[in-house]
Each structure stands twice: as C-alpha cells, then as structure tokens.
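Residue numbers begin at 1 in each chain, while the letters A, B, ... track the order of the sequences.
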Amino acid sequence: MAAVSVRLPDGTTKELEPGTTALGLAQAIGPRLAKAAVAATVDGHPVDLATELAEGNEVSVVTAATPEGREVLRHSTAHVLAQAVLRLWPGAHFAIGPVIEDGFYYDFELPNGERFSDDDLERITAEMRTIMGEDQPFVRSEHTFAEGLELFADQPFKREIIEAVGAGGEGVDALSEGASPTSVSTYWNAPGFTDLCRGPHVPSTGRLGHFALMRVAGAYWRGDEKRQQLQRIYGTAWESDQALAEHLTRLEEAEKRDHRKLGAELDLFSFPEELGSGLAVFHPRGGTIRRLMEDYSRQRHAEAGYEFVNTPHITKSNLFETSGHLDWFADGMYPPMELDGGQEYYLKPMNCPFHILIIKSRQRSYREFPIRLFEFGTVYRYEKSGVVHGLTRVRGMTQDDAHIFCTREQMADELHSTLTFVLSVLRDYGLEDFYLELSTRPDGKAVGSDEEWAEATETLRSTALAMDLDLVMDEGGGAFYGPKISVQAKDAIGRTHQMSTIQLDFQLPQRFDMEYIGADNSRHRPIMIHRALFGTVERFFAILLEHYAGALPTWLAPEQVRVLGVRDDHQVYVDQVAERLGGAGFRVSMEPADEPLGARIRRAKLLKIPYILVVGDDDVAAGTVGVNRRGSERPVRGVSVDSFVEALHAEVDARALPESQDTVEAAPA
RNA sequence: GCCUGGGUAGCUCAGUCGGUAGAGCAACGCACUCGUAAUGCGUAGGUCAGGAGUUCGAUUCUCCUCCCAGGCUCCA
C-alpha cells in the first residue's frame with residue numbers, strides 16, 4: 001500500500017504509513033508534540049487523535065495550551081464530571097455539558113428530586129480524580145437514530161436531544177451534543193458510561209486533572225423557565241496546575257475591583273436593608289463622583305444642542321396604557337397606588353412618555369426639529385428578586401435619558417451625530433475599546449409593521465457601519481417599539497459591558513398621535529430616537545469604578561489632594577496650602593499630625609486619593625510641597641506650590657487617565 | 001420568580017455538640033510630634049438579620065419573612 005501524504009500547517013507535507021492516526025503524526029513530528037497533543041484538526045474539522053489520516057488531509061495537531069486545546073480539555077472534563085455524578089447518584093439523568101468561557105458545566109436531574117449541595121462538590125471532585133486515575137479511554141462510535149435512542153433508553157434528556165434532530169428541528173443544540181441529521185455520535189469511557197457527544201476528546205481520562213469544580217446552580221432545561229429546573233455544576237479546567245492557579249488568581253483580582261466591595265471600602269454608597277432590595281444611597285464621596293459625572297455630562301449635552309427638562313416620578317395609569325408599557329412590562333413595574341377615588345397612579349419605569357408630552361404641549365413646526373430633550377430621570381422598576389445585583393441591576397435608578405424628535409429626513413443625520421456624540425463622551429470618561437451591536441425585532445413581542453421595522457433597522461445598520469467599529473448582530477434583541485444600536489465597551493480587565501443604547505422608534509409617536517406642521521403646511525408624524533448614554537448613572541458609576549479599580553482619574557476623584565504636615569507645628573502651613581488648593585477649585589482635605597506620618601499616608605493611599613502632599617520644615621521654609629502621587633514609586637520633594645497647582649489644573653482640564661499622570665515634576669533647583 | 005450557599009461589633013472573621021459571645025482593623029480617649037503604606041496604652045461598641053415554634057433555657061434546632069452572593073429565567 002502506498003504511503004499517505006498529509007499537509008501540515010506550515011505548508012510542508014509528511015509521508016506516513018497507511019493507517020497512521022493523528023497521534024501517530026504527532027509522534028512522527030516529535031515526542032514533545034505528541035505529549036502536548038489533545039486532539040487534531042483534519043481539513044478544518046476538529047477530530048480525535050485516534051482518527052486515521054487519509055491522503056491529502058490538511059492536518060494540524062491541537063495542543064493543550066491553546067484555546068482549541070483547552071476546549072477539548074474542558075469538554076472531556078465535563079464528561080468525567082457526568083460519569084462521576086452518575087456513579088455517585090445511580091439513576092441520575094444527565095442533560096448537556098458544554099464548554100463555556102474559561103470552563104464548562106454539566107446539567108443533571110438527580111433521583112427523587114435530590115439536589116446538589118456545596119459539600120457534594122468535594123465528593124464529586126474525588127470521584128472524578130479516581131476516574132482520571134483509571135485512565136479510561138474515550139472511545140468514539142457512530143450510531144443510527146434508532147440505536148441512539150436505544151442506547152439512551154433511560155436518559156430522557158439525551159433522547160430528547162436525539163429526537164429533536166430526528167424530527168428535523170432545533171438542531172443547533174443537538175449538533176454540538178453529538179446528534180446530527182445523519183447520525184448520532186457517542187463516547188464510551190467505561191462499562192456503564194457512554195455520553196452523547198460530537199467530540200473531539202482527549203485520548204483518555206488520564207490526560208485530565210488540572211480542574212476545579214466551582215459551584216452548583218439551578219438551571220432550566222433548555223433555558224425555558226416553564227420547564228423543569230436541573231442541577232448545574234460549573235467547573236474550570238486547564239492544561240496545567242499553574243494555568244489553573246493563574247485563572248483562580250485572575251478571579252480573585254476581579255473580585256478585588258468589584259464595585260460593591262470598593263463602594264464599602266471607599267465609603268461611596270450602601271444598600272441599607274431598611275430600604276429594601278436594589279435601592280442604593282450614595283454617601284458624600286460617592287455623591288461627589290456622581291455630581292462630577294453628571295456635571296460633565298450636562299456640559300457636553302448643552303454643547304451638543306440638548307435641552308434640559310424635568311418630569312415627575314409618578315403618573316396616572318393612562319400614560320403607560322397609551323405607551324404600551326403596561327401591556328408589555330406590567331410585571332416589571334411597581335404595582336399602582338389607588339388615589340382620588342379609584343384613579344391609579346404608577347411609579348415611572350421610563351421617561352419617554354413624559355418627554356413626548358412636553359413635545360405635545362403645543363403645536364410644533366418642522367422648523368423646530370430636531371428637538372433634543374435630556375433629563376437625568378429617576379425611574380423605578382420592580383426587578384425580580386433574583387436579578388438585583390449591586391449598582392448594575394437595581395430597582396431605583398437614574399437614566400441619563402434623551403429623546404430626540406425629528407423628521408424622517410433628519411433621522412439618518414441625527415442617528416449619526418448621536419452615535420458620534422455618545423462615543424466621544426464615553427471616551428472622555430476613559431473608555432476606549434468599543435464595538436457596536438445591532439438588535440433587531442423581537443419575536444412575537446413587538447408593535448409596528450414589517451416595513452417600519454425594516455426601515456428602522458436598515459437606518460441603524462448604515463449608521464453603525466459608518467462608525468469604523470466592529471458591528472455584531474443581536475437578532476431579536478430589540479425593544480418592543482423599535483430596533484437599537486448598543487455600544488459595548490471593554491474595561492481594563494477585558495470584560496465587555498453594554499453601555500449606551502440608541503433606539504429608533506416609529507411606534508410611540510403613533511401611539512401618542514404626535515404631529516408637526518411641515519413645510520407643505522400639512523400634518524406629519526415625527527420620528528423619535530431614544531438614547532441613554534450612561535445607561536443609568538448607577539450602572540455607569542459601577543463600571544467606571546471597576547474599570548479604574550477605584551483609582552478614579554483626578555478629574556473624577558471625590559478627594560483630589562490630601563495635605564499632611566510632618567509635625568503638628570506645620571499645621572499653619574498645611575492650612576495655607578490647603579486653602580490655596582481649595583481656592584483654585586480643587587477638592588482638598590488634611591489630617592492633623594496626631595498619628596505617625598506613615599499611618600496617615602497609608603490611610604490616604606487606601607482611599608486612592610490621587611495626590612498626597614507632605615510638608616515639613618524644608619517646605620515651610622521654601623514654599624514647597626512633597627508630592628506623593630498615586631501609583632508612583634517614590635515621592636517628589638521640593639515642588640513649588642505654584643507649579644503643583646499648574647500641573648494639577650492641566651491634568652484635570654485634560655481629564656487625564658490615572659496611568660498618564662506624568663505631569664508633576666520637581667521644581668528646577 | 002426558581003436552585004444553591006450565606007447573614008455574629010462599622011469592616012474582615014472566629015466561636016457556641018443548646019447555658020445570651022471573642023479577635024484584628026476601624027471609632028473614641030490619653031500619651032507620642034514623627035519626611036512618605038499600620039506608634040503605644042486604654043475605653044466603648046452586639047436584641048448573634050427579623051418573627052414564630054420546640055425547650056427549663058435558642059445566637060445555636062425547626063419553620064416563615066427580609067437581605068446578600070453565585071447561577072437560571074428576565075432586563076422597556
């Protein structure tokens with residue numbers, strides 16, 4: 001038989017004995033590659049190392065320490081998790097066990113309605129290690145549908161996955177689980193354990209081991225609230241113990257910058273239990289940050305031609321009947337209060353109907369458009385108890401809400417300038433890395449004609465495409481009244497957050513029967529653009545706090561400078577310096593010298609104050625300060641007060657980022 | 001709303017196999033007067049989340065409620 005020739009990723013070809021597997025190829029290339037190999041790709045398809053290679057195949061070996069390799073490790077570890085659970089809970093049913101970012105999960109239904117507790121994770125981990133110690137092979141085989149159903153006769157979830165494909169529908173889930181339109185693939189590990197799976201897998205369980213089970217959770221079967229809730233176990237797996245440890249360290253680092261933790265440490269806000277879930281109070285330091293955020297926002301909006309309005313927090317029910325919110329979102333609204341002999345009043349969950357009423361307060365001419373109304377509007381939403389989360393998901397929140405009313409002809413220009421404005425303002429707050437998402441008409445739950453949706457969606461799409469940013473689609477993710485563009489931003493540790501949204505709305509103007517008089521002297525209906533830039537002040541606050549790990553840029557810092565005297569007889573000079581800085585418009589404080597200097601510096605450092613000025617005998621004599629800048633290795637002594645003030649002005653005016661605070665230098669000798 | 005785990009001093013936590021609690025930091029007082037991330041001593045601080053039940057006795061056991069965390073679902 002002739003040798004088999006395969007092509008490698010570097011473009012070279014390799015001659016192999018007929019029947020050589022992917023693992024054999026790896027061994028032929030080198031023992032280290034063979035050792036690191038977990039799977040392979042053949043002509044672009046991921047396969048097991050046991051796959052026999054054929055003439056002309058393009059083959060690459062997948063090693064453990066790559067994104068593809070980790071997927072294989074995680075998927076295989078998920079199998080072992082399932083095997084362990086089935087061993088420990090005879091009669092358990094297993095559902096799906098996919099790879100997710102940085103890990104995997106597996107869903108189970110335990111016999112007699114049993115549930116996992118945290119303690120079970122240890123038992124399961126131990127069982128998994130036993131299975132890995134047994135070094136069981138992952139043996140792939142292909143079956144017909146009938147055989148598949150037979151094989152999983154006592155596993156209803158597996159049967160449902162197979163049947164879904166057999167019935168020709170809902171194939172996506174099933175495909176990744178190993179059921180395809182033509183066959184069913186499985187992996188056998190040991191007598192009594194076969195899992196439905198597409199693969200590929202590592203050759204044997206002995207290749208696994210650098211994993212940790214993280215937590216248990218409930219999860220609805222197929223993500224459907226109306227179906228039964230399964231027991232889910234989350235885990236993570238890596239190519240080495242070191243990689244696993246690094247991952248766990250990253251999680252700890254992220255925890256340290258959690259805004260809820262920082263909020264308490266920096267005395268910014270709290271959630272008094274007396275108020276109820278999801279209701280925050282902002283303390284003076286947090287209130288100052290909010291004020292600064294809001295002030296700058298107001299300034300930018302004023303410059304961009306927005307007009308400022310104010311509207312009440314409650315309204316008669318008819319407003320939300322007209323808007324349609326009561327039809328769609330009554331569950332998410334606080335229940336009504338009954339006043340004035342039966343009239344129902346609602347706390348407002350949205351500002352838009354109020355702004356519409358402002359437009360409708362008198363007849364409008366086309367000459368007035370576009371009209372851009374802006375309000376920091378506080379709204380209340382009855383979020384389900386399980387979803388409330390820090391400042392990012394609350395029940396009382398303030399939207400930086402703008403509604404732009406314009407003619408159809410102005411619509412495209414307005415969208416473009418709005419999106420440009422939004423990105424510019426976000427950048428000023430220090431967010432840099434963006435992509436856009438276009439959310440289209442939701443299934444079932446939407447108002448308006450197909451034509452209107454199509455036009456609105458296309459208009460938004462062309463606006464987004466003009467931005468020179470990546471655009472991803474979010475099919476069905478729009479609001480009931482219109483599609484939206486959302487701006488997604490990456491933070492300092494690479495997480496993405498949905499920031500601003502821009503929604504195009506043909507519906508509410510109709511529902512409220514809005515109109516203006518056009519140049520043709522007849523009545524026309526305006527277009528409405530909904531736009532939140534921060535989203536909510538609370539959520540944006542939280543994202544900034546985590547982005548900066550609490551070390552806000554000087555222009556946003558609640559306290560910018562703290563002046564410390566070396567001894568208490570420097571206090572007169574401390575007061576002079578503080579007064580000078582306060583007079584120059586900076587937020588400054590001081591602390592008397594009744595504790596050692598190191599202790600006072602430490603306290604200021606823990607509050608992440610950008611500048612600590614230390615003054616002693618030399619400074620009193622020379623009119624200077626010692627500048628201890630946040631993030632710098634060593635302080636700079638002998639800086640003149642004038643040059644410090646000047647540098648601080650420059651930094652604040654530039655809204656400089658914390659890492660670029662290279663502004664204060666020692667005064668020339 | 002559902003699943004799992006939790007709530008002890010302002011914060012971080014220990015403890016009580018059922019006999020009403022302790023540390024460090026913070027706060028307050030006194031002393032120390034110091035040149036860049038923790039000075040010393042002392043004082044005070046708790047309905048052990050709230051309510052009900054079992055018990056001679058509950059912070060501890062049981063139930064309910066509230067609140068928090070991680071998920072699921074949801075997010076105008």
Side-chain angles (χ1 to χ4, degrees), chain A residues 105 107 115-121 214-234 255 258 260-261 264-265 267 270-279 320 323-333 348-353 379 381-390 392-393 399 442 445-446 477-482 484 498 501 503 505 508 530 532 535 539 564-571 592-606 612-619 626-629 632-638:
Chain A
Y105 67 80
D107 286 347
R115 303 193 195 95
F116 292 122
S117 75
D118 280 5
D119 298 337
D120 292 330
L121 291 183
M214 305 300 283
R215 54 182 58 95
V216 308
Y220 299 105
W221 170 231
R222 301 207 146 207
D224 185 343
E225 199 177 6
K226 292 181 189 66
R227 303 199 61 172
Q228 78 228 70
Q229 191 163 44
L230 304 177
Q231 294 287 299
R232 175 171 297 179
I233 294 178
Y234 283 92
E255 234 171 80
D258 187 309
R260 295 162 298 187
K261 194 172 166 61
E265 285 172 1
D267 194 15
S270 60
F271 291 91
E273 209 177 302
E274 292 85 338
L275 298 189
S277 183
L279 299 168
F320 295 122
S323 72
H325 286 104
L326 274 171
D327 291 338
W328 301 109
F329 296 106
D331 286 350
M333 293 168 64
K348 72 170 168 184
M350 288 294 282
N351 300 302
C352 34
V379 299
R381 296 179 181 179
Y382 184 71
E383 302 286 4
K384 285 194 286 184
S385 62
V387 309
V388 168
H389 177 95
T392 61
R393 195 82 182 266
Q399 297 180 309
K445 169 170 136 166
F480 72 88
Y481 51 73
K484 70 178 178 194
Q498 178 177 311
T501 59
Q503 298 175 359
D505 181 2
L508 287 183
H530 303 245
R539 190 177 127 82
L564 303 175
V566 173
R567 288 190 314 272
D568 56 9
D569 55 326
H570 300 125
Q571 188 60 41
D594 53 7
E595 263 188 298
L597 181 63
R600 286 177 287 146
I601 287 174
R602 179 167 192 272
R603 205 189 330 278
K605 290 283 185 191
L606 290 175
I612 301 163
L613 302 185
V614 174
V615 298
D617 292 337
D618 300 348
D619 300 293
V627 179
N628 185 330
R629 200 186 75 210
S632 75
E633 284 299 309
R634 61 173 65 85
V636 181
R637 293 274 296 271

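Comparing B/C74 with B/C13, their P atoms sit 33 Å apart, to the nearest whole Å. Atom P of B/C68 sits at a distance of 16 Å from the matching atom of B/A49, rounded to the whole Å. Nucleotides B/G46 and B/G50 are separated by 13 Å at their P atoms, to the nearest Å. Rounded to whole Å, the separation between the P atoms of B/G42 and B/A9 comes to 24 Å. Comparing B/G22 with B/U8, their C1' atoms are spaced 10 Å from each other, to the whole Å. Spacing of C1' atoms, B/C61 relative to B/U16, comes out at 13 Å, to the nearest Å. Taking atom C1' in both B/G7 and B/U12, the straight-line distance is 14 Å, to the nearest Å. Atom name P, nucleotides B/C2 and B/A76: the rounded distance is 22 Å, in whole Å.
Considering only the side chain of A/Asp619, B/G35 comes nearest among B/U36, B/G35, B/U4. The nucleotide whose nearest atom lies closest to any side-chain atom of A/Arg115 is, among B/G5, B/A76, B/C3, B/C3. In the set B/C34, B/U73, B/A38, the nucleotide with an atom closest to the side chain of A/Arg602 is B/A38. With B/G35, B/A76, B/U36 as the choices, the nucleotide that has an atom nearest any side-chain atom of A/Pro635 turns out to be B/U36. Proximity note for A/Leu597 (side chain, C-beta onward) versus B/A76, B/C34, B/G1: the nearest is B/C34.
Counting any heavy atom pair closer than 4.0 Å across all strands shown, A/Asp224 reaches no nucleic acid atom. A/Gln503 comes within contact range of the sugar-phosphate backbone alone, with a heavy-atom separation under 4.0 Å but no base atom that close. Residue contacts for A/Tyr105: at a heavy-atom cut-off of 4.0 Å it reaches no nucleic acid atom on any strand shown. Residue A/Ala479 is in sugar-phosphate contact alone, with no base atom involved, counting any heavy-atom pair closer than 4.0 Å across all strands shown. Among the heavy atoms of the strands, none lies under 4.0 Å from A/Glu383. Here A/Asp617 lies in heavy-atom contact (under 4.0 Å) with a base. A/Asp594 comes within 4.0 angstrom of a nucleotide base, judged by non-hydrogen atoms across all strands. Within 4.0 Å of A/Phe480, counting heavy atoms only, lies no atom of the nucleic acid at all. Residue contacts for A/Gly332: at a heavy-atom cut-off of 4.0 Å it reaches a base atom on one of the strands shown.
Comparing A/Leu613 and A/Trp221 against RNA chain B, the residue whose closest nucleotide sits nearer the 5' end is A/Leu613. Of the two residues near RNA chain B, A/Glu225 and A/Arg603, the one whose nearest nucleotide lies more 5' is A/Arg603.
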With sugar-phosphate taken as primed atoms, P, OP1 and OP2 and all else as base, the protein-contact string of nucleotides 64-71 of chain B at under 4.0 Å (heavy atoms; B, S, -) is --BSSSBB
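Side-chain atoms of A/Asp568 come within donor-acceptor range of the base of B/U33, with a qualifying N/O pair under 3.5 Å. The base of B/U73 sits with one of its N or O atoms less than 3.5 Å from a complementary donor or acceptor on the side chain of A/Lys384.
The partner of B/A69 is B/U4, by the rule that a Watson-Crick or G-U pair needs both atom distances under 3.5 Å. The partner of B/U12 is B/A23, by the rule that a Watson-Crick or G-U pair needs both atom distances under 3.5 Å. Look at B/C41: its Watson-Crick or wobble partner, with both distances under 3.5 angstrom, is B/G29. Under the Watson-Crick or G-U wobble criterion, with both distances below 3.5 Å, B/U55 has no partner in any strand shown. In this structure, B/U47 forms no base pair with any nucleotide, since neither Watson-Crick nor G-U wobble geometry is met with both distances under 3.5 Å. The nucleotide B/U60 finds no pairing partner, because no Watson-Crick or G-U wobble arrangement with both distances shorter than 3.5 Å includes it.
Look at CG on A/Asp107: it is 10 Å from P on B/C72, rounded to the nearest Å. Atom CG in A/Asn628 sits roughly 6 Å away from atom C1' in B/U36 (whole-Å rounding).
The two residues A/Tyr481 and A/His325 come nearest to each other via the heavy atoms CE2-NE2, 4.5 Å.
The pair A/Arg567-A/Asp617 meets the salt-bridge criterion, with a side-chain N (NZ, NE, NH1 or NH2) lying under 4.0 Å from an Asp/Glu carboxylate O.
The side chain to side chain contact (heavy atoms under 4.5 Å, CB included) test with A/Arg393 singles out one residue from A/Glu383, A/Arg381, A/Lys384, and that residue is A/Glu383.
For an aromatic pair to be called close, the ring centres must be under 6.0 Å apart, and A/Phe480 with A/Phe329 satisfies this.
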Taking it one step at a time, do A/Asp224 and A/Arg222 satisfy salt bridge (charged side-chain N to carboxylate O under 4.0 Å, His left out)?
CA-CA 5 Å; A/Asp224 185 343; A/Arg222 301 207 146 207; over 6 Å; no
